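Below is one structure, written out as structure tokens; comments come after it.
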Amino acid sequence: MPELPEVEVVRAGLAPAVTGATVSSVEVFDARSLRRHDPTAGDFAARVTGQRFSAAVRRGKFLWLPLADPPEESPSFSALLVHLGMSGQVLLREAGAPLADDGPVRIRLMLQHPEHGELALHFVDQRIFGSMAVDRLVDTSDGAPGGLGDSRALVPSQVAHIARDPLDPAFSDAAFLASLHGKNTGIKRALLDQTLISGIGNIYADEALWAARVHFAQPAATLSRRKARALLTEARLVLAKALAEGGTSFDAQYVNVNGASGYFSHSLNAYGQQGKPCPRCGRALVREAFMNRSSHFCPHCQRLRVPRLLQS
DNA sequence: CCTCACACCTGGGTGC
DNA sequence: TGCACCCAGGTGTGAG
């Protein structure tokens, strides 16, 4: 469940269940799902077992559950970091729910919540591009809250280089627009660059570009201020609308913490719509190879515009 | 520095 | 049926 709306659906679902809950046990069934865990930070299971979560927090596509109490030997706070990669899921189940029902469960946490009692947290990940880790929390560079869900100005060290997402109140439109101007690359690459703006992936990049009528390969620096601003607005709109519809689910792989799908796939205008008529002009949408994957766009509405200065 | 190709994985779908 | 090949919501790394 990978882009901002899908990760936010998971965060919002986890928050009431994990906040205040204590981890009673940890089972790692596949150590490859700890690719982001630094072994020098200590054994993953040992670092999490017995800990209490204080919140569920998200920036972009990164999710973390801060641990309420720092370890005795260290003064710094840390968090259970979660990234879903391409195929990760976090499912909340009744204690004793069979693992086999949920596909490849890579890690299971048993939680004890003061009000809700015992429940199981299943980290499922087909392709193992996602991972869990224990990571230390560091100060944010701008002094604003690290992400949605925690008012403290802290982020996991592995998230410190990730830009704020466009739904974050502390996101700086001006800084983002200025950074586009200095980029020597196409606009879609810039939208997907999580150090410039986070939370946007292949689906919502294509949707935002379609809505703003911008070609994916348009050099980022050649977008007018007005066009760049419009694109940012469309990105916000599509993320917010997808979130309101529970995210995009093409199959059972992308679900909320209860295993339910989102509905935004019915609202897609461009992504995966190659061959179908453009909802705006009626001409056929196309798919083109891009960065080892695909771009979907309308060749009529989204033209590549080469500035006169660069023509020769 | 900056940009880009590639590696990291599994499984579903398609066409021969 | 078998099997090669293409495809998939992401990110970190290292070459150039």
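Here is how names work: the chains are called A, B, and so on, in the same order as the sequence lines, proteins then strands, and each is numbered from 1. Given the structure is predicted, the values throughout are model-derived calculations rather than measurements.
Of the side-chain N and O atoms in His83(A), none sit less than 4.0 angstrom from OP1 or OP2 of dG12(C). Of the side-chain N and O atoms in Lys61(A), one or more sit less than 4.0 angstrom from OP1 or OP2 of dT11(C). For the OP1/OP2 pair of dA8(C) and a distance below 4.0 Å, the side-chain nitrogens and oxygens of Ser294(A) include at least one atom meeting the criterion. Residue Gln126(A) places no side-chain N or O under 4.0 Å from the OP1 or OP2 atom of dC9(B). The shortest distance between the side-chain N/O atoms of Arg293(A) and the OP1/OP2 oxygens of dG10(C) is below 4.0 Å. Contact annotation: Arg35(A) side-chain N/O to dG12(C) OP1/OP2 distance is not under 4.0 Å. Using a 4.0 Å cut-off, no side-chain N or O of Ser87(A) falls inside it from OP1 or OP2 of dT10(B). Distances shown here put a side-chain N or O of Arg189(A) below 4.0 Å from the OP1 or OP2 atom of dC4(B).
Side-chain contact check for Ser294(A) and Arg287(A): at least one donor-acceptor pair (N or O, by modelled atom type) lies under 3.5 Å.
Side-chain proximity of Asn202(A) to the nucleotides dC7(C), dT11(C), dG10(C) is greatest for dG10(C). Comparing dC9(B), dC4(B), dT3(B) against the side chain of Lys183(A) picks out dT3(B) as the nearest. The side chain of Arg287(A) lies closest to dA8(C), out of dG12(C), dA8(C), dT3(B). Closest contact between the side chain of Thr185(A) and the listed nucleotides dG10(C), dC9(B), dC4(B) involves dC4(B).
As rounded to whole Å, 10 Å separates atom P of dC9(B) from atom CG of Asp30(A). Straight-line distance from the CG atom of Leu191(A) to the P atom of dT11(C): 14 Å, rounded to whole Å. Here dG12(C) presents its C1' atom at 15 Å from CG of Asp38(A), a figure rounded to the nearest Å. To the nearest angstrom, C1' of dT3(B) lies 16 Å from CD of Gln194(A). Rounding to whole angstrom units, CZ of residue Arg32(A) and C1' of dT10(B) are separated by 9 Å. Atom C1' of nucleotide dG10(C) and atom CG of Leu4(A) are separated by 14 Å, given to the nearest angstrom. Regarding Ile162(A), its CD1 atom lies at a distance of 7 Å from the P atom of dT11(C), rounded to whole Å. The CG-P distance, from Asn184(A) to dC1(B), rounds to 17 Å in whole Å.
The 5' end of DNA chain C is approached more closely, in terms of each residue's nearest nucleotide, by Arg127(A) than by the other of Met291(A) and Arg127(A). A residue-by-residue look at Gly182(A) and Ile128(A) shows that Gly182(A) has its nearest nucleotide of DNA chain B further toward the 5' end.
Backbone-only contact: Phe62(A) has heavy atoms under 4.0 Å from sugar-phosphate atoms and none from a base. Within the 4.0 angstrom heavy-atom criterion, base atoms lie near Phe250(A). Within the nucleic acid shown, Asn292(A) comes within 4.0 Å of at least one base atom, counting heavy atoms only.
Cation-pi geometry between Arg36(A) and Phe62(A) is not met at under 6.0 angstrom from the ring centre and within 45 degrees of the axis.
Phe129(A) does not qualify as a stacking partner of the dT11(C) base, lacking a centre-to-centre distance under 5.5 Å together with planes within 30°.
Look at the P atom in both dG14(C) and dC9(B): the space between them is 15 Å, to the nearest Å.
Taking a pair to require two hydrogen-bonding distances under 3.5 Å in either a Watson-Crick or a G-U wobble arrangement, dA7(B) pairs with dT11(C).
Ionic pairing of Asp165(A) and Lys61(A) is not present here: no N-O contact between side-chain nitrogen and carboxylate oxygen is shorter than 4.0 angstrom. The existence of a salt bridge linking Asp142(A) and Arg164(A) is confirmed by a sub-4.0 Å separation between a basic side-chain nitrogen and an acidic carboxylate oxygen. Under the 4.0 Å criterion applied to side-chain N and carboxylate O atoms, Asp206(A) and Arg293(A) are not assigned as salt-bridge partners.
His37(A) places a side-chain N or O within donor-acceptor distance of the main-chain N or O of Val134(A), the cut-off being under 3.5 Å.
Using a 4.5 Å cut-off on side-chain heavy atoms (C-beta onward), Leu84(A) and Gln89(A) make no contact.
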